[in-house]
Amino acid sequence: MRPVVVLGATGSIGRQALEVAGRLGFPVAAVGARRGSDELLRLAADHPGARVVLAAPTGEERERFAELG
């Protein structure tokens, strides 16, 4: 199966897409969101191999999410 990338992963549609991908066995290559949040950190932990991308990170968010990729 091809890996998926979910943009807007912390929104309702993004969370549903990740749930469906998990049920169907699709690997998650990356999750993205406009801003960093605790929800995005949780998603990163749920998908340890996935890259984490922020569209408009603040300096603080860059530091907080730097080690996640």
J.: Can you hop from Met1 to Val5 via hydrophobic side chains spaced under 4.5 Å?
T.: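 Cluster IDs for Met1 and Val5 differ.
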J.: Of all heavy-atom pairs between Arg2 and Phe26, which one has the smallest distance, and what is that distance?
T.: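 The pair with the smallest heavy-atom distance is O-CD2, 3.2 Å.
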J.: Give the cluster check for Val28 versus Val20: same hydrophobic cluster or not, with ILVMFWY residues linked at side-chain heavy-atom distances below 4.5 Å.
T.: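 Yes, because Val28 and Val20 connect within a single hydrophobic cluster, where side-chain heavy atoms sit under 4.5 Å apart.
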J.: For a quick test of reading the model, state the closest non-hydrogen atom pair linking Ala21 to Val4 and the distance between them.
T.: CB-CG2, 4.1 Å
J.: Determine whether Val31 and Val53 make a side-chain contact, defined as any pair of heavy atoms from C-beta on separated by less than 4.5 Å.
T.: no
J.: Looking at CG of Leu18 and CZ of Arg23, how far apart are the two atoms once the value is rounded to the nearest 0.5 Å?
T.: 11.5 Å
J.: Does the side chain of Arg64 come within less than 4.5 Å of Leu41's, by heavy atoms?
T.: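 Yes; the side chains approach each other to less than 4.5 Å.
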J.: Closest approach of Ala33 and Thr10, non-hydrogen atoms and distance?
T.: CB-OG1, 4.0 Å
J.: What distance separates Glu19 CD from Leu24 CG, expressed to the nearest 0.5 Å?
T.: 10.5 Å
J.: In terms of heavy-atom contacts, does CD of Glu63 have more than 12 from other residues, nucleotides or ligands at under 6.0 Å?
T.: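 It does not: Glu63 CD has 12 such atoms or fewer within range.
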J.: Do other residues, nucleotides or ligands put more than 12 heavy atoms under 6.0 Å from Arg42 CZ?
T.: yes
J.: Shortest non-hydrogen contact from Ala29 to Pro3?
T.: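 Distance-wise, the nearest heavy atoms are CB-CB, 3.7 Å.
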J.: Side chain to side chain contact (heavy atoms under 4.5 Å, CB included) with Arg62: which residues, sequence neighbours excluded?
T.: Pro57
J.: Drop me the distance from Thr58's OG1 to Arg35's CZ, to the nearest 0.5 angstrom.
T.: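 One finds 5.5 Å between OG1 of Thr58 and CZ of Arg35.
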J.: Rounded to the nearest 0.5 Å, what's the gap from OG on Ser37 to CG on Leu54? Could you check?
T.: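 That separation rounds to 8.5 Å.
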